[in-house]
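One-based numbering, in listed order, for ligands and for the atoms of each.
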Amino acid sequence: MIQIPNVPDGDNIPQLCHQTLVVPTAVLVPAPHGATAAPHGIAMTIGGVPPPRPHCCVSPQALCSVSPQDLAVPNAGWSVAMREQFQHLLRRTADGSWRRIPSYRRGLDYLPEVVQMVVGPVTGPGPRHFLRNLDAEGAGFEYAIFLHSSGHHAQCLCQLGPYLEGHHGFAHGGAIATLIDTTVGACALAVAKTSVMTAKLNISYLVPMPVGAVVVADSRMERHEGRKIFLSCRVHDTKGDTLYAEATALFIQVENTKPPPAARP
Ligand SMILES: CCCCCCCC(=O)SCCNC(=O)CCNC(=O)[C@H](O)C(C)(C)COP(=O)(O)OP(=O)(O)OC[C@H]1O[C@@H](n2cnc3c(N)ncnc32)[C@H](O)[C@@H]1OP(=O)(O)O
């Protein structure tokens with residue numbers, strides 16, 4: 001059992017984009033297999049959610065704030081294991097063989113890699129970034145992507161939070177697919193150096209992934225034929241003992257000429 005303490009500041013109603021969820025803050029829940037408690041008393045399992053990020057959106061009009069804050073860095077929702085692995089991966093960037101890719105809630109103004117992902121003209125602040133729109137630290141996807149200098153190898157360190165639960169205590173398969181798509185997408189983008197779209201994603205789910213687990217999605221470019229980029233991905237724990245999922249993907253390089261469908265508020 002993991003005891004989930006009260007969240008700081010007495011704020012027990014996390015404000016999320018477009019919704020308010022009341023979450024009990026001092027309950028006992030069974031610890032999913034392999035789940036670990038986060039630092040600072042923040043639980044990484046269902047029932048305990050840390051307070052919102054400082055720039056939480058409050059109105060439907062505002063949606064999520066346009067913030068230049070790089071979110072691919074440790075925050076209070078990161079577990080000890082997540083922090084340790086992040087430092088390990090960060091050390092590899094010292095010699096320039098790897099680099100950490102910054103990540104923003106709405107990144108178009110700040111992140112050239114994401115600018116390249118947009119098919120068609122962009123007006124306003126650009127698309128909201130799906131993985132960054134859950135405005136509570138530790139509740140959703142916490143991640144940092146590292147790219148090898150070859151551009152053919154990407155690793156995404158990720159901690160899947162309690163709002164990504166499918167079966168009790170385990171991550172939803174769609175959340176795992178999102179993690180994989182993002183990682184292979186980052187790798188495909190580095191290969192193509194132009195816009196790419198997922199054409200095919202084939203995932204084998206091998207072992208249930210506990211909510212709160214810290215995992216690494218490891219993606220490699222397998223071959224590049226014209227506009228087609230074939231990639232593989234393996235999602236495993238930080239020690240490489242447990243292989244949660246493996247996948248193959250096909251990305252297609254596209255021209256930046258198609259107008260995107262009108263965005264809804
Ligand atoms: C850092 C953040 C990363 C985030 C990554 C997130 C990426 C995404 O989620 S993208 C969103 C999900 N994907 C989509 O919506 C894609 C929808 N599909 C499309 O837009 C189009 O079908 C698209 C762009 C994939 C291909 O269309 P188009 O550019 O016309 O290519 P087309 O000429 O039909 O095919 C080109 C080649 O690819 C092959 N191909 C295309 N689609 C497929 C497919 N699904 N399966 C197998 N082969 C395919 C074709 O057979 C053809 O091969 P060849 O050259 O040997 O004849």
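With ligand atoms numbered from 1 in the order given, ligand 1 contributes 46 (N) to contacts under 4.0 Å with heavy atoms of Lys200. Ligand-side atoms of ligand 1 in range of Leu250: 46 (N), 47 (C), 48 (N), 49 (C), range being under 4.0 angstrom from any heavy atom.
Placement of Leu90 and Val73 in two distinct hydrophobic clusters is found when ILVMFWY residues are connected by side-chain heavy-atom separations under 4.5 Å, directly or transitively.
Taking all heavy atoms of Ala188, Ala186, Ala199 into account, the minimum distance to atom 1 (C) of ligand 1 is reached by Ala186. With atom 28 (P) of ligand 1 as the reference point, the heavy atom nearest to it among Arg227, Gln253, Met197 is part of Arg227. With Thr198, Asn202, Leu189 as candidates, the residue nearest to atom 7 (C) of ligand 1 on a non-hydrogen basis is Thr198.
In terms of N/O distances under 3.5 Å, ligand 1 is approached by Asp181. Of the N or O atoms in Val254, none lie within a sub-3.5 Å distance of an N or O in ligand 1. Residue Lys228 places at least one N or O, backbone or side chain, under 3.5 Å from an N or O of ligand 1.
Remark: the Asp218 side chain and the His153 side chain contain an N/O donor-acceptor pair separated by less than 3.5 Å.
Listed by first then second residue, pairs satisfying salt bridge (charged side-chain N to carboxylate O under 4.0 Å, His left out) with a partner in residues 148-161 number zero, not counting sequence neighbours.
Checking Arg227, Lys193, His224 one by one against Gln253, the side-chain hydrogen bond (donor to acceptor under 3.5 Å, both in side chains) holds for a single residue, His224.
Cation-pi check for Arg100 over Phe146 is not met; the charged atom does not lie both under 6.0 angstrom from the ring centroid and within 45 degrees of its normal.
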List the atom pairs, donor and acceptor, that lie under 3.5 Å between side-chain atoms in residues 173-182 and the rest of the protein, sequence neighbours left out.
residue	atom	partner	partner atom	Å
Thr178	OG1	Gly174	O	2.9
Asp181	OD1	Thr198	OG1	2.8
Thr182	OG1	Thr178	O	2.9

